[in-house]
Amino acid sequence: MICAHCSKSFAIDKIENQRGKGLSTEIECPFCQAWLGKSVMLSWVKIISFYAAVILFAWSYFDEGARTVGVPVAIFSSMLMLVVHLVDNLKVTQAPEVEIVDNSEHLKKYRD
């Protein structure tokens, strides 16, 4: 996996902290301690479009009258699932606190 905050790659077995259940599960990056999660709404769209495509393809296979409507809707549902799968990436839900460093003395020598 790649962290959306620090862009470092880490293995799934390196994840130590996790919160939430189901589709709203969030994980903590082991490098920068940012909390990462996926969009729950996009996950639901992906699940519903997958099952709609499977059911409509199966129904259209066995029922000849349903083919005129079922096959195009199943194809659209499959395309929607693939597009949502490409868009659904990890996002930062809670960024780590940034420590404010006072470097005015260091910058002062370059200004004078």
Side-chain angles (χ1 to χ4, degrees):
M1 300 178 89
I2 298 176
C3 178
H5 187 261
C6 67
S7 301
K8 292 185 180 177
S9 178
F10 59 92
I12 294 175
D13 59 344
K14 299 290 183 194
I15 298 171
E16 296 177 2
N17 296 328
Q18 177 179 336
R19 65 182 179 191
K21 289 191 173 233
L23 296 177
S24 62
T25 300
E26 297 176 353
I27 58 171
E28 187 179 29
C29 175
F31 296 108
C32 66
Q33 282 69 41
W35 286 95
L36 309 169
K38 290 193 172 202
S39 172
V40 177
M41 188 165 154
L42 288 178
S43 297
W44 275 112
V45 169
K46 195 176 354 178
I47 291 169
I48 291 170
S49 62
F50 170 76
Y51 283 114
V54 168
I55 290 169
L56 287 170
F57 275 131
W59 186 21
S60 300
Y61 181 78
F62 293 111
D63 186 10
E64 194 172 317
R67 287 184 190 162
T68 57
V69 175
V71 171
V73 173
I75 291 171
F76 175 76
S77 181
S78 300
M79 290 176 7
L80 178 66
M81 178 191 61
L82 293 173
V83 168
V84 169
H85 182 69
L86 290 173
V87 173
D88 191 21
N89 294 321
L90 284 175
K91 63 180 182 178
V92 178
T93 57
Q94 182 181 352
E97 294 182 15
V98 178
E99 204 175 291
I100 298 174
V101 178
D102 183 26
N103 59 355
S104 59
E105 292 297 322
H106 176 71
L107 295 175
K108 189 176 183 181
K109 67 180 180 180
Y110 293 110
R111 292 183 187 144
D112 292 333

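Numbering starts at 1 and runs along the sequence shown. Values reported hereafter were calculated over all heavy atoms of this structure, with side chains retained and with hydrogens, waters and symmetry mates removed.
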In this structure, would Met41 and Leu80 fall into the same cluster of hydrophobic residues linked by side-chain contacts under 4.5 Å? no
Cluster question for you: counting only ILVMFWY and a side-chain heavy-atom cut-off of under 4.5 Å, with indirect links fine, are Met81 and Phe76 together? no
I'd like to know if Val83 and Ile48 are part of one continuous hydrophobic network [Ile/Leu/Val/Met/Phe/Trp/Tyr, side-chain heavy atoms within less than 4.5 Å]. no
Measuring from atom CG of Leu90 to atom OG of Ser39, what distance do you get when rounded to the nearest 0.5 angstrom? 11.5 Å
How about Phe31: does its CZ atom have over 12 heavy atoms from other parts shown lying under 6.0 Å from it? yes
Shortest non-hydrogen contact between Phe10 and Ile15, atoms and distance: CE1-CG1, 3.8 Å
With the 4.5 Å side-chain cut-off for hydrophobic clustering, are Ile47 and Val73 part of the same group? no
Out of curiosity, Ile12 CD1 to Ile27 CD1, how far, rounded to the nearest 0.5 Å? 8.0 Å
Is it true that, when you exclude Leu86 itself, more than 12 heavy atoms of the residues, nucleotides or ligands shown sit nearer than 6.0 Å to its CG? yes
To the nearest 0.5 Å, atom NZ of Lys38 lies from atom NZ of Lys91 at 11.5 Å
Return the CG to OH distance between Leu56 and Tyr51, rounded to the nearest 0.5 Å. 14.5 Å
Which heavy atom in Arg19 sits nearest to a heavy atom in Trp35, and how many Å separate them? NH2-CG, 3.4 Å
Using the rule that Ile, Leu, Val, Met, Phe, Trp and Tyr join whenever any side-chain heavy atoms are under 4.5 Å apart, tell me whether Val45 and Leu23 fall into a single cluster. no
Please confirm whether the backbone N or O of Ser49 pairs with a side-chain atom of Ser77, one donor and one acceptor, at under 3.5 Å? yes
Tell me the closest heavy-atom pair linking His5 and Cys32, and the distance in Å. ND1-SG, 3.6 Å
If I take atom OG1 from residue Thr93 and atom CD from residue Glu28, how far apart are they, to the nearest 0.5 angstrom? 10.0 Å
I need the minimum non-hydrogen distance between Phe57 and Ile75, along with the two atoms involved. CZ-CG1, 4.0 Å
Roughly how far, to the nearest 0.5 Å, is CG of Leu36 from CD of Gln18? 12.0 Å
Note: Gln33 and Pro30 closest approach over all heavy atoms is NE2-O, 3.3 Å
